[in-house]
Amino acid sequence: MTQVNDPAQPGEVKLERQGAVAWVTLSLPGRLNAISIAMWHQLAERFAALNQDDSVRCIVLRGDGGNFAAGADIREFPAARADFASVVHYHRQVLAPALHAVAACPHPVIASIAGVCVGGGLELASQCDLRIAAADSRFGVPINRLGFPLAPDEMRGMIDLIGRAATVALLLEGRVFDAAEALRMGLLTRVVDPADLDAQTQAAVARIVAGAPAAARLNKRYARRLTDATPLSDAEYNEFFQYAESRDHHEGVRAFLAGTTPTFTGD
C-alpha cells in the first residue's frame with residue numbers, strides 16, 4: 001500500500017492505494033476530523049486525480065480515529081466567512097468543488113462511517129454511492145444553531161438522497177440522531193456492528209472490484225442521467241450499448257456458462 005499526503009496544512013486528506021482500491025481518509029486529530037479549508041481543497045484535488053484514473057475500481061472515503069467528520073471547521077469561520085463576499089467564496093469555491101468532485105466520480109465510492117458524521121461530513125457521505133455505518137455512529141446537520149441555512153450546492157445531495165421533505169425536517173430541527181434512524185430515513189445503505197465496520201467495508205469493496213469496472217461506471221453515469229426527465233436520445237442509447245462489443249461483456253457471459261469466475265480487465 002502506498003500513501004500520499006501533505007502534512008503542511010491544518011488537517012489533511014490522506015490518499016492510499018492498494019491495487020485498484022483507493023482509500024481517502026479525512027484527518028484532523030483532536031477535532032473529530034472537522035474539515036478545514038485546506039482539507040476541502042485537498043478533497044477536490046484527490047478526487048479530481050482519481051476520477052481520471054481508469055485503473056481505480058473502487059474508492060473508500062472514511063475518517064481517522066473512530067469518527068467520519070464533524071462537519072466544517074467552525075474555528076475558521078470568523079476569518080473565512082466574515083462578510084457576503086467571503087461567505088459566497090467559501091461555499092461556492094471551497095465546499096462546492098469538493099462535493100462536486102465526489103459526486104462526479106465515475107468509480108464506485110463507499111463512505112465507511114464511524115462515530116460522528118454531521119454537517120459537512122454528512123454532505124460528503126451523501127455524495128457517495130454506498131454508505132456503510134457503524135451502529136453507534138451519529139448523524140445530523142445542526143447548523144440552525146449557527147444561524148445560517150444549508151447552501152444550495154450542499155443541499156442538493158441531501159435532497160437527491162432522501163427527498164425534499166426529509167431534508168427540510170432535518171434542517172429545521174437540527175437534530176443529531178442515531179444510525180438506525182438514518183437507515184430508516186434512507187441516508188444509509190446498511191448499518192453494521194461497530195466491530196465489523198472494516199470487514200463489512202472490505203467485503204463491499206471486494207464485491208465491487210469483482211465486477212466489471214466499465215459496467216459499474218455506466219451504471220453510475222446512467223443512474224444520474226435518468227434522474228433528468230428528458231428522454232434518452234438515440235445517440236445516448238447507441239453510446240450505452242457499445243459495451244456489447246467489450247471483452248468484459250463476453251468474458252462475463254462465457255464465465256457464467258462455463259461455471260467459472262470471470263476475470264474482468266476493463267476492456
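Residues L124 and I35 have side chains in contact (heavy-atom distance under 4.5 Å, counting atoms from C-beta outward).
A search for side-chain contact (heavy atoms from CB on, under 4.5 Å) contacts involving L218 returns Y222, F240, Y243, not counting sequence neighbours. For A179, the side-chain contact (heavy atoms from CB on, under 4.5 Å) partners two or more places apart in sequence, or in a different chain, are S137, F139, L188, V191. With sequence neighbours excluded, the residues satisfying side-chain contact (heavy atoms from CB on, under 4.5 Å) with T260 are R254, A255, A258. Partners of Y90 by ring pair (Phe, Tyr, Trp, His ring centres under 6.0 Å), not counting sequence neighbours, listed by chain and number: F77.
The closest donor-acceptor contact from the side chain of N33 to the backbone of D64 lies under 3.5 Å.
The pair R62-E16 meets the salt-bridge criterion, with a side-chain N (NZ, NE, NH1 or NH2) lying under 4.0 Å from an Asp/Glu carboxylate O.
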Side-chain donor-acceptor distances from residues 166-177 under 3.5 Å, at least two apart:
{"residue": "T167", "atom": "OG1", "partner": "M158", "partner atom": "O", "Å": "3.4"}
{"residue": "T167", "atom": "OG1", "partner": "G163", "partner atom": "O", "Å": "2.7"}
{"residue": "R175", "atom": "NH1", "partner": "E181", "partner atom": "OE1", "Å": "3.4"}
{"residue": "R175", "atom": "NH1", "partner": "E181", "partner atom": "OE2", "Å": "3.4"}
{"residue": "R175", "atom": "NH2", "partner": "E181", "partner atom": "OE2", "Å": "2.5"}

Can you give me every donor-acceptor pair (side chain of residues 94-117, partner residue at least two apart or in another chain, under 3.5 Å) with its distance?
{"residue": "H107", "atom": "ND1", "partner": "V56", "partner atom": "O", "Å": "3.3"}
{"residue": "H107", "atom": "NE2", "partner": "L50", "partner atom": "O", "Å": "2.9"}
{"residue": "H107", "atom": "NE2", "partner": "D53", "partner atom": "O", "Å": "3.1"}
{"residue": "S112", "atom": "OG", "partner": "T201", "partner atom": "OG1", "Å": "2.8"}

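By the 6.0 Å and 45° rule, R81 stacks over the aromatic ring of F148.
Here S126 contributes atom OG and L161 contributes atom CG; the two are 5.0 Å apart, rounded to the nearest 0.5 Å.
No more than 12 heavy atoms of other residues, nucleotides or ligands sit less than 6.0 Å from atom CG of D234.
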